[in-house]
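The next block holds one structure in the form of C-alpha cells; read it before the comments.
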Amino acid sequence: MKKSAVSLAITLGLFSTSALAVDSFIQSARNLGSGGAGLTYAHWSSAANYNPALLGTAVGTDNDFFLVLNGTGRVADTKDDGDSLDLFESLEDEVNNFEDLDDSDLLEGDPQNLQNTINTANRIVNDFEQLDGAGLQGSFGVNLGFGMAFERVAVSFNAMAKFDVGGTGDISSSDINLLRRYTGLGQTLLSDVRPLYDEATRLEARYDQLQSDLEQLENSGTATQDDIDEAQRIADQAEVDFNAAEVLAEDAKVLQTTIQNDYGDIFDQDTQTIVFDEDTLESKARFAAIGWAEAGVTLASNWQLDSEKKLSVGATVKTVRLEFFDYQSASSDFDEDDIDGDEYRSSKDFVTADLGAILSMDSMDKWRIGVTVKNIVGEDIESRQESLKVGQESLIYEVDTQVRIGTSYNHGWIRLAADLDLTESKGPQFANGEQFFRGSQYGSVGAVINAYDFLELRAGYRHNFADKVGNSTTDESDGLITVGAGVYLGGVQFDLGLQASPELDDVGGGLQAMITW
C-alpha cells in the first residue's frame, strides 16, 4: 500500500461544518455573565454594544465620564458530543504511527508488520470518516470607548473590531470508499496473494533441493539399492510438488482474475504497483472569515414625560470596514499557505447607524422596556470572483437591519433583565439561501446580585432560535449558561463573564476594565 493513498486528504480534517452562531455585536463582559441581556440595563458605557439609548440614561445624573476596554472570545466544537479535538488527536497519532512503520514490500516484509500497517491504515480511514462535521469555529472581538454625560446630552466614541472564522470540509463518501478499497486491496494481497507466493517459494526451494539430491545420486557411480529407492522417493516427491505447483498456478489465475475485476482500476498487475491519482478525489475544503471593524460616535438624551415615565433615546453613527475571506479548494490542490492569501479577500467600506429607545416605567426607574435597531443601512459582500474556480459557488454575506427588544427590573440588591432578537443575524449564504455559518437569534435572560458594595455576581441563559446549519449541533448546544462577577474599587471596575453550552462544546468568555466617575 502506498501511504499517500490514505494520508493525502487528512488536511481536510482541519475544516468542518459550522456550528458557532455569528452574533451581530460584541457583548460586554459585564453583561455576558447575566445571559447577555443588556438592552435596557447595561452600563451606559455599553451603549455602542447594546443600545444607544443607554447613553441617554446617564444624562442629568452623577455619571460624568467612562473609559472602557472590553474583549470577548468564543470557541465552538462542531461535533454535538464535543469530541472534535479527540478525533483530531486520534487521527494525528494514527498518521504518525503510519509514517513510522516500515514501507515494506507485501511479498517480502514480515506478515505481522504488514498486517499492522494495514490495520493502522484502516483506523486512519475510520477516523477521517468521523471528521465529517468535526472541527472548531471561533469568534473574537475587542472594543474601546469613552464617553461624557452632561445635563442635557451625552456623547461617546467607540472603536470595535470583530472576527468570526470557521470552515467546512465536504468529505466525500466516494473518497472514503476509495480509500477503503486501497486498504481492502492491501488485505487481499496480504491474506490471499502472499500465502500463494510463500508456498510457491517453498515449493521452488524444495524442488531445487530435490534436483540437487538427484544430481548427487546420478553422479555418485556407486549406487546401491538404498540409493535407488531414495531416488525413486525423490522422484515421487518431485511429482507431488509439481502437482501442487499446478494447483497453485490455477489458484493464482483465479485470484488474478478476481483482483483484476475488483481492483483493476487501482492496481496494475503487470508492474505490481498501486495506481493512485489524487485528482480523482472529490473531497473539498472551504475556509471563510468575516472581519468587522467600526468607529462611531453616539449621541443621546432623555425626556421626562407627563406621567412618571422617562424616555431615553440615542443614535450611533459609525463607519464600518467589512472584510470577507473565502478560500475553497479540492483536496488535490489544497495549500494551507493560501488560507490567508490576499487574492481570496474582498472588502467594503460603508456608513450605517444604530437607533435605540428606553422607557422608564416609574419614577424610581425600576422597570424599563426598550428597543434598538442596529445597522439601519445594510450592505453585502461577496466572495472574490477571480479567486473562484470552475464549479465553485460564491458566498454572499449580507449586513441586514437587526431589531431587538428588552426589559429589566431593578429591585436594589437584585436586577433582572431579558432581551429578545426579533430578527435573525444571518451568516454568509450560498445563492440558494443555505447558510455557511449559522446565524443568531437569541433570547436572553439574566440576573445580577449586589453581593457587597464592591462585588456583583451574575448568572443567566441564552438560547439561539436561528435555524441550524447541517446536523452538527444538538438542541442542548443551542443554549448557553452564563456566569460572571464584577469588582468595583471606587472608579476602577473589572468584570469577568463566562458562558458555555451544557455539553461544553461551545465555550467563551470576556474581560472588561473600566474607569468611571
Side-chain angles (χ1 to χ4, degrees), residues 20-28 31-32 34-42 46-57 72 74 139 141 160 162 164 290 292 294 296 298 300 309 311-318 320 352-361 367-380 396-409 415-429 433-435 437-447 460-469 473 475 477-480 482 499:
L20 180 63
V22 177
D23 218 336
S24 59
F25 66 99
I26 292 180
Q27 296 187 73
S28 71
N31 288 89
L32 186 150
S34 53
L39 186 141
T40 61
Y41 223 99
S46 298
N49 302 65
Y50 294 96
N51 184 353
L54 288 169
L55 201 67
T57 62
T72 62
R74 184 175 168 195
S139 179
M160 183 264 280
K162 186 172 180 289
D164 291 281
I290 304 168
W292 177 293
E294 70 176 47
T298 301
K309 299 179 178 64
L311 177 65
S312 300
V313 297
T316 298
V317 179
K318 55 190 181 183
V320 177
T352 187
D354 303 335
L355 302 175
I358 295 174
L359 182 63
S360 297
M361 303 298 292
W367 179 27
R368 294 177 177 180
I369 59 174
V371 62
T372 185
V373 182
K374 298 183 72 68
N375 304 316
I376 61 173
V377 176
E379 185 58 272
D380 61 75
I396 302 174
Y397 176 55
E398 296 183 1
V399 180
D400 292 328
T401 300
Q402 306 296 316
V403 181
R404 174 176 291 188
I405 59 174
T407 186
S408 60
Y409 182 77
R415 295 194 300 272
L416 305 174
D419 290 354
L420 177 64
D421 292 335
L422 299 184
T423 55
E424 180 180 347
S425 178
K426 295 183 179 294
Q429 301 179 78
E434 180 183 351
Q435 294 189 65
F437 289 175
R438 187 183 183 187
S440 64
Q441 187 173 2
Y442 280 107
S444 305
V445 293
Y461 178 77
R462 306 182 75 201
H463 191 88
N464 188 8
F465 296 100
D467 293 335
K468 293 181 181 294
V469 172
T473 58
D475 292 337
S477 300
D478 293 336
L480 294 169
T482 69
Q499 62 182 12

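Numbers for residues simply follow the sequence, beginning at 1. What you see below is based on every heavy atom in this structure, not just the backbone, and it leaves out hydrogens, waters and symmetry mates. Owing to the predicted nature of the structure, the values given are computational and were not obtained by experimental measurement.
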>> Does Ile396 form a side-chain contact (heavy atoms from CB on, under 4.5 Å) with Gln429? I'd like the steps, not just the answer.
In response: CA-CA 5 Å; Ile396 302 174; Gln429 301 179 78; 5.6 Å; no
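Distance CG/Leu54 to CG/Leu39: 7.0 Å, rounded to 0.5 Å. Within the model, atoms CD1 of Ile358 and OG of Ser408 stand 7.5 Å from one another, a figure rounded to the nearest 0.5 Å. One finds the NZ atom of Lys162 at 9.0 Å from the CH2 atom of Trp292 (value rounded to the nearest 0.5 Å). Note that CG of Leu311 and OG1 of Thr57 are 12.0 Å apart. Values are rounded to the nearest 0.5 Å. The distance from atom CH2 of Trp367 to atom NZ of Lys309, rounded to the nearest 0.5 Å, is 8.5 Å.
Between Ala37 and Asp419, the shortest heavy-atom contact is CA-OD2, 3.3 Å. Between Asn49 and Ser28, the shortest heavy-atom distance links the atoms ND2-N, 4.0 Å. Nearest heavy atom pair, residue Ala300 against residue Gly56, reads CB-N, 3.2 Å. Residues Thr298 and Leu55 come closest through the heavy atom pair O-CD2, 3.4 Å. Across Ser46 and Ala42, no two heavy atoms sit closer than the pair CB-CB, 4.0 Å. Pairing each heavy atom of Leu420 with each of Gly443, the nearest pair is CD1-CA, 4.0 Å.
Residues meeting the ring pair (Phe, Tyr, Trp, His ring centres under 6.0 Å) test with Tyr409, sequence neighbours left out: none.
The only option from Ile26, Asn31, Thr372, Thr40 that meets the side chain to side chain contact (heavy atoms under 4.5 Å, CB included) definition with Tyr50 turns out to be Asn31. A side chain to side chain contact (heavy atoms under 4.5 Å, CB included) with Ser425 is found for one member of Arg404, Gln402, Lys374, Gln441 and no other, namely Gln402.
No donor-acceptor pair closer than 3.5 Å links the side chain of Asp380 to the backbone N or O of Glu398. Side chain of Asp421 to main chain of Thr423: no donor-acceptor pair is present (N/O by atom type, distance under 3.5 Å, no hydrogens or angles). Judged by distance alone, with hydrogens and angles left aside, the side-chain atoms of Asn375 form no donor-acceptor pair with the main-chain N or O of Val377 at under 3.5 Å. For the pair Ser444 (side chain) and Gly36 (backbone), a donor-acceptor distance under 3.5 Å is absent. The backbone N or O of Ala447 lies less than 3.5 Å from no partner atom in the side chain of Ser34, so there is not a single donor-acceptor pair.
Residues Tyr41 and Thr407 fail the side-chain proximity criterion, which asks for heavy atoms closer than 4.5 Å. Between Arg74 and Leu480 the shortest side-chain heavy-atom distance falls below 4.5 Å. Taking 4.5 Å as the limit, some side-chain heavy atom of Val403 sits within range of a side-chain heavy atom of Val371. When side chains are defined from C-beta on, Arg368 does not count as touching Leu359, because their heavy atoms never get closer than 4.5 Å. You'll find the side chain of Arg462 reaches within 4.5 Å of the side chain of Gln27, heavy atoms only. Using a 4.5 Å heavy-atom cutoff, the side chains of Ile376 and Asp354 are not in contact.
Asp400 and Lys426 are not joined by a salt bridge, as no carboxylate oxygen comes within less than 4.0 angstrom of a charged side-chain nitrogen.
Looking at Ser139 and Asp164, their side chains do bring a donor and an acceptor atom within 3.5 Å of each other.
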